[in-house]
Enquirer: 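I have a structure here, written as structure tokens, and I will follow up with some questions on it.
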Amino acid sequence: MDKTFDPKPIEARWCQDWEAGGCYQPSGSGTPYAIMIPPPNVTGTLHMGHAFQHTVMDALTRYHRMSGFDTLWQPGTDHAGIATQMVVERNLKLAGEPSRAELGREKFLDKVWEWKKYSAGTIGQQIRRMGSSVDWTREAFTMDPAYSKAVVEHFVRLHEDGLIYRGKRLVNWDPVLQTAISDLEVVQEEENGKLWHFRYPLADGATYTDSEGRTLNYIVVATTRPETMLGDTAVAVHPEDERYKHLVGKQVLLPLCNRLIPIVADDYVDREFGTGCVKITPAHDFNDYQLGQRHKLPVFNIFTRTAHVIGTVTDEEWTQAADKNAEAADGIGAIAREATALNWRAIPEKYRGLDRIVARKQIVADLEADTAYTNCHSGESRNPEPAGAVLDPGVRRDDEVAEGSANAAASSAKPAKPAYPRGLVDKIIDHKLKVPRGDRSGAVLEPYLTDQWFVDLTRETRHDGQPGNGGLLAITKPAIDAVESGRIRFVPDNWKTTYFHWLNNIQDWCISRQLWWGHRIPAWYDAEGKVYVGRDEAEVRAKHGLAAGVSLKQDEDVFDTWFSSDIWPMATLGWPDNTEALKKYYPSSVLVTGFDIIFFWVARMVMMGQYFMNDVPFKDVFITGLVRDPEGNKMSKSKGNVLDPLDVVDGITLDALVAKRTTGLMNPATAPKIEGKTRKDYPKGIEPVGVDALRFTFAALATNGRDVRFDAARAEGYRNFCNKIWNASRFVLMNVGALDPETGAELPGVSLDGEATLSTADRWIISKLQRLEAEAAQHFADYRFDLLAASLYQFIWNEYCDWYLELTKPVMQGSDEAAKRGARRTVVRVLEVSLRLLHPIMPFITEEIWQRVGPLAGKTGKTIMLEPYPVANPERIDEAAEADVEWLKGFMLGVRQIRGEMDIPPGKPVPVLIQNASEADAERIARFTDSVSFLARLESIRVLAASDEAPQSATALLGSMKILVPMAGLIDKAAELARLAKLKAKLENDLKMNEARLASDKFVNGAPAAVIDKERARVAQQKAELATLAEQEARISAL
RNA sequence: GGACAGUUAGCUCAGUGGUAGAGCAUCGCCUUCACACGGCGGGGGUCACAGGUUCAAGCCCUGUACUGUCCA
């Protein structure tokens, strides 16, 4: 064995042996214990979050496997529709290859499959390297043929049960990706914007008097999105708003468009917000859409699927384009035609085809320039808006159109800040607003009217009028009940609040996506647009009696990725077939995942599990925190703060890390900033720590669902721990004769048989081991890997290495053969048990050492992986031995403190005198003379009689016993007095507090007797100690 | 605006009623025959703030402040 632990060759060997040896597969006997891996996206490689969660899952898996369960950890990957499609498109662009559109659907999908193969392979290698004991024979992918069949099956069954519908609804539309997305994929970000106030003239020359007594012939609407006015179909006011009540039913003339639109009353309107008048654009705002439905307003779509104002095309051109689109797999071609062909002519020509932001500027400028109504009221007296009101429409991102040349002329003239009112613009004020963006593309989303597929989650009865429960009762409520009833337990518990809150406010789920990568929706349309749903075209034809001559076209859209991963726990086990695996491993035991996908995934698996299996998909949900960078920021590629777990395992130089983080950036301009931060966070790069140390770090940091700030120094600390274990094992092997101390060569054929006696130290460490075993079981049951790691670390380093191995040294070098045998046997067995206790977190080092130590402890198994996990035996707890060793530690600490503070070199033997020893003290001194002398490097130890005079000494206390180290004139009087004063001060302080407590009637009358007794004993003890100290202080002062 | 977390040593975090703990960092001594990726010792906290409950509060209750996350 080498002097220093070198993880790399060991990891490589065991990874291979375990997998090849079939150790990862279920044993086939025992109670089933199953974990379904949250399938990583095939978008690239695994990050620290995966490594963290996999560590937790593997620890659970190995623990249960060792504990005799029939353990399955099921691996796999997720096709991750949008995310993967984006990655592949970007790769094509970077490589200068033809784009998605140029390739066409089929060829593009070939490229994605190529990428998938590469990515899944990388992920598999990463999982293997981390030592994750997944059953590779069951590896799954969400687009495997069998899995795809299950996806179709669950869609068709839900459809047959009336829980899926297709309809034209306002959805969140991503104009960059050009697909619908679900509510969950929308991130609302607060951004700085403007609130524009526009004057909409009243029709037919109507006027009214405002609260300031002015006569007005217009009303002022406030909006954050001027460009949508092209699609306004009403203005709304609150029905009880005294200011406008009387105008309800009248009309306004929509500026620029010159359309008449009504003023309606609706209590959705917030009287306090803006002017209390809201323009209503049903086609491009969710609230307006609802309001429009209530008031039967026309829905006036003004945007294309790229969020440009619909263009200048003839009806004929539109028809052709739409047909072509429909043929070219453009699922919304027909809708666009319908909505747009009717409307485009109503949009003033100058705005047609403009990007929405460009259109916004143009519209504001034109309204400002519209002087037709500038004098449309009398008594204009308001002050212009103060400086700060500017025309800039606010912050933009690079995905939006930059300031165009249209405005170049204006900006070069450096215009003075305009004063308002100006034309039809009443005023413009700064305003913070929530901007909806796509979580993948970052693009500003557009509410957009399209035909999509939805899962009904909100109705009590079926939407199609058939008998039976709607989605609310059939899907949503059972998912709530699963957690409410305790059949699913969240750990930590508080996440169930989040879960309930979402389910209680749930919306129907839009499951269709206008993408290419994914499961094609199993719906077919005939020439009339009639839709048929079935498992395949043949089934549809058979079911509906459609002759071969009837042409059917399959829906071009694919499912939302989550509408395939929602059946992961059952489909990977063979559902819809009732396989043996499904019977055995469903429901799985625990789901380990992050809180960020409770809605996306956890809740939906519960829904589908309950619906199709009539049972929960997992019994526990262990929610882990997120792995963050040292400053607490979320790790992301664009921030350039991601770490590859294998770079921590193998180490990486600073330059290599910088290079890795700054290449292939979406926005190369951020590279210098990223480089700066990287150089600050990891000034020396990252030292290699090995898999075991990284895993242990994750375990130690996994504190009760809190986020984890990854700290490379911590990982290095646990690498040191590995080295400690390694060297302790070397020491053990050397001492039992299994390792040559000179050459490091392994010597076979060692036997520890024969008569043996166990020392106090032996019985103590065995006793402590039982306590550790009990703690380990508890921590696993509670998912407290941090406490588990701390217990193991503390036992191995601070008890076993620091004390127990030291205590055995004199025995090992002594001549008592039976005692020697007892120590050797204990040293080996405790180490062997410790290795098994540690194995679920640190699989490699424990296996490597166990191969040598196991046989010495009488183990004949091939691998530690399949050995039983240690269980506590309460009968071996030995409180007397524990008390003895505590006393011994106290004695040692006293001598060491004197050494440390008196600057006595550790190697120099010192004589020790004892005063005030009780009988028990004296007995222990006699018993432990050898140990103490060896460990504390004592020259001699002598117990003084009460009458004996002690020489000048430095003092330590153990209870009221005095441990004296004679200083023979060398004593630094001032230093020793200072030392004593320090001890005394602390003691006096404590004593004062405790006496005060005992003097209080409240305490004496109120506290339990046991507490009072304990307090009295403590005070007595402290008084005795204080007396001893005072005496010693007097003696030193007198020198 | 609502909900949920968090606030403890320089840093990262344990600690659910009985005198504050760990790792890392720091300071001092030591290349002692398993380990310098080591050993030994030291220093360092009025547990965010204000009330309350209790014989007793870092811990329970109420409120405030700040930070973070989620949902409107």
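Proteins come first, then strands; the chains are lettered A, B, ... in the order of their sequence lines, and each starts at number 1.
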Enquirer: Looking at the side chain of A:Gln1022, which of B:rC4, B:rU19, B:rG38 is the nearest nucleotide?
Expert: B:rU19
Enquirer: Under 4.0 Å from OP1 or OP2 of B:rG39: is there any side-chain N or O of A:Lys724 that close?
Expert: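 Checking A:Lys724 against B:rG39: at least one side-chain N or O falls below 4.0 Å of OP1 or OP2.
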Enquirer: Under a 4.5 Å cut-off applied to non-hydrogen side-chain atoms, are A:Asp647 and A:Tyr682 in contact?
Expert: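 In short, these two side chains do not touch, never coming nearer than 4.5 Å.
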Enquirer: With a 4.0 Å cut-off on heavy atoms, is A:Gln813 in touch with a base, just the backbone sugar-phosphate, or nothing at all?
Expert: nothing
Enquirer: Are OP1 or OP2 of B:rU12 and a side-chain N or O of A:Arg709 less than 4.0 angstrom apart?
Expert: yes
Enquirer: On RNA chain B, does the nearest nucleotide to A:Gly717 precede the nearest nucleotide to A:Asp707 from the 5' side, or the other way round? Give the residue.
Expert: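 With A:Gly717 and A:Asp707 compared, the 5'-side residue is A:Asp707.
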Enquirer: It should be established whether A:Asn720 places a side-chain nitrogen or oxygen under 4.0 Å from OP1 or OP2 of nucleotide B:rG38.
Expert: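 Yes, such a contact exists.
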Enquirer: Base, sugar-phosphate, or nothing: which does A:Ala790 touch, judged by heavy atoms less than 4.0 Å apart?
Expert: nothing
Enquirer: Using the side-chain hydrogen bond (donor to acceptor under 3.5 Å, both in side chains) definition, which of the options A:Glu775, A:Gln778, A:Arg784 pairs with A:Ser791?
Expert: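 So the option named by the test is A:Glu775.
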Enquirer: Under 4.0 Å from OP1 or OP2 of B:rC71: is there any side-chain N or O of A:Gln188 that close?
Expert: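 A:Gln188 to B:rC71 OP1/OP2: no side-chain N or O under 4.0 Å.
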Enquirer: Among B:rC40, B:rG18, B:rC35, which nucleotide sits nearest the side chain of A:Asp802?
Expert: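 Out of B:rC40, B:rG18, B:rC35, the nucleotide with an atom closest to A:Asp802's side chain is B:rC40.
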Enquirer: Figure out the CZ/C1' separation between A:Arg628 and B:rU67, and round it to whole Å.
Expert: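 Rounded to whole Å, this separation is 12 Å.
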Enquirer: Respond yes when some side-chain nitrogen or oxygen of A:Arg899 is under 4.0 Å from OP1 or OP2 of B:rG42, and no when none is.
Expert: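 No, outside the criterion.
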Enquirer: Just wondering, are more than 12 heavy atoms of other shown residues or ligands nearer than 6.0 Å to NZ in A:Lys992?
Expert: no
Enquirer: Using the ring of A:Phe731 (Phe, Tyr or Trp, six-membered ring only), decide whether A:Lys809 places NZ or CZ under 6.0 Å from its centre and within 45 degrees of its axis.
Expert: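 Checked: cation-pi criterion met.
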Enquirer: The side chain of A:Val1011 lies closest to which of these nucleotides: B:rU19, B:rG18, B:rA34?
Expert: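 Nucleotide nearest to A:Val1011's side chain: B:rG18.
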Enquirer: Can you tell me how far P of B:rG38 sits from CZ of A:Arg719, to the nearest Å?
Expert: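 It works out to 8 Å between those atoms.
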Enquirer: Does this structure show an ion pair linking A:Arg825 with A:Asp762, if we count only N-O contacts that are shorter than 4.0 Å?
Expert: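 Answer for the salt bridge query: no.
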Enquirer: Indicate, with a heavy-atom threshold strictly under 4.0 Å, whether A:Lys434 touches base, sugar-phosphate, or nothing.
Expert: base
Enquirer: Between the base of B:rU19 and the side chain of A:Arg1018, is there a donor-acceptor distance below 3.5 Å?
Expert: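 Per atom types, the contact qualifies.
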Enquirer: At under 4.0 Å between heavy atoms, what does A:Arg896 touch on the DNA or RNA strands: base, sugar-phosphate, or nothing?
Expert: sugar-phosphate
Enquirer: When you measure only distances, ignoring hydrogens and angles, does the side chain of A:Glu1015 come within 3.5 Å of the base of B:rU19 through a donor and an acceptor?
Expert: no
Enquirer: Any base atoms under 4.0 Å from A:Phe5, or only sugar-phosphate, or nothing? Heavy atoms, all strands.
Expert: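 No contact at all - A:Phe5 keeps every heavy atom at 4.0 Å or more from the nucleic acid.
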Enquirer: Measure across A:Tyr718 and A:Ala700 and return the closest heavy-atom pair with its distance rounded to 0.1 Å.
Expert: OH-CB, 3.5 Å
Enquirer: Side chain of A:Met734, heavy atoms from C-beta onward: which of B:rA34, B:rU19, B:rU12 has the nearest atom to it?
Expert: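 Selected nucleotide: B:rA34.
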Enquirer: Rounding to a whole Å, what distance do you find between A:Phe934:CZ and B:rC33:P?
Expert: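 My rounded result for the distance is 11 Å.
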Enquirer: Compare side-chain N and O positions of A:Trp502 against OP1 and OP2 of B:rC4 and report whether any pair is under 4.0 Å apart.
Expert: no
Enquirer: What nucleic acid atoms does A:Thr4 come within less than 4.0 Å of, heavy atoms only: base, sugar-phosphate, or nothing?
Expert: base
Enquirer: A:Ile506 vs A:Phe599, test: side chain to side chain contact (heavy atoms under 4.5 Å, CB included). Steps then yes/no.
Expert: CA-CA 10 Å; A:Ile506 201 161; A:Phe599 307 146; over 6 Å; no
Enquirer: Counting the atoms with a prime plus P, OP1 and OP2 as sugar-phosphate, which does A:Cys722 contact under 4.0 Å by heavy atoms, base, sugar-phosphate, or nothing?
Expert: nothing
Enquirer: So what does A:Lys634 hit on the nucleic acid, given a heavy-atom distance under 4.0 Å: a base, only sugar-phosphate, or nothing?
Expert: nothing
Enquirer: Using a 4.0 Å heavy-atom cut-off across all strands, classify A:Leu787 as base, sugar-phosphate, or nothing.
Expert: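 Sugar-phosphate contact only.
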Enquirer: I'd like to know if A:Glu806 reaches the base of B:rA34 with its side chain, counting only an N/O donor and acceptor under 3.5 Å.
Expert: yes
Enquirer: Quick check: A:Phe5 with A:Trp726 (ring centres under 6.0 Å apart)?
Expert: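 Aromatic pair counts; centres sit under 6.0 Å.
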Enquirer: What nucleic acid atoms does A:Arg730 come within less than 4.0 Å of, heavy atoms only: base, sugar-phosphate, or nothing?
Expert: sugar-phosphate
Enquirer: Under 4.0 angstrom, heavy atoms only, what part of the nucleic acid is A:Pro1008 near: base, sugar-phosphate, or nothing?
Expert: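 A:Pro1008: base contact, heavy atoms under 4.0 Å.
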Enquirer: Considering only side-chain heavy atoms of A:Arg937, which listed nucleotide, B:rA5, B:rU32, B:rG18, is closest?
Expert: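 The listed nucleotide nearest to A:Arg937's side chain is B:rU32.
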Enquirer: Contact class for A:Leu733 (heavy atom, under 4.0 Å): base, sugar-phosphate, or nothing?
Expert: nothing
Enquirer: Quick one: does A:Arg709's side chain get under 4.5 Å of A:Pro630's, heavy atoms only?
Expert: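 They are not in contact (no side-chain heavy atoms under 4.5 Å apart), so the answer is no.
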Enquirer: Side chains of A:Lys889 and A:Trp803: does their closest heavy-atom pair fall under 4.5 Å?
Expert: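 Side-chain contact under 4.5 Å: yes.
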Enquirer: If you check the A:Leu701 side chain, which of B:rU12, B:rC24, B:rA34 turns out closest?
Expert: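 Side chain of A:Leu701 sits closest to B:rU12.
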Enquirer: Nearest to the side chain of A:Gln897 - B:rG41, B:rA34, B:rC37?
Expert: B:rG41
Enquirer: Given that A:Ala1007 and A:Val732 both sit by RNA chain B, which one's nearest nucleotide is further toward the 5' end?
Expert: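 Result of the comparison: A:Val732.
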Enquirer: When you measure from the side chain of A:Asn723, which nucleotide among B:rU19, B:rC55, B:rC35 comes out closest?
Expert: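 Comparing B:rU19, B:rC55, B:rC35 against the side chain of A:Asn723, the answer is B:rC35.
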Enquirer: Rounded to whole Å, please give me the gap between CG in A:Asp1013 and P in B:rG18.
Expert: 18 Å
Enquirer: Taking the side chain of A:Thr497 as heavy atoms from C-beta outward, which of B:rU12, B:rA36, B:rA3 is closest to it?
Expert: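 So the nucleotide nearest the side chain must be B:rA3.
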Enquirer: Looking at B:rU19, B:rG18, B:rC24, which one has an atom nearest to any side-chain atom of A:Tyr793?
Expert: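 Nearest listed nucleotide: B:rC24.
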Enquirer: Salt bridge between A:Arg852 and A:Glu832, side-chain N to carboxylate O under 4.0 Å?
Expert: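 The answer is no: the pair does not qualify as a salt bridge.
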Enquirer: What base-paired stems does RNA chain B take part in, with at least 3 consecutive Watson-Crick or G-U wobble pairs and both distances under 3.5 Å?
Expert: B:1-7 with B:65-71, B:10-13 with B:21-24, B:26-30 with B:38-42, B:48-52 with B:60-64
Enquirer: Mind checking if A:Asp711 touches a base, just sugar-phosphate, or nothing, with heavy atoms under 4.0 Å?
Expert: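 Touches nothing.
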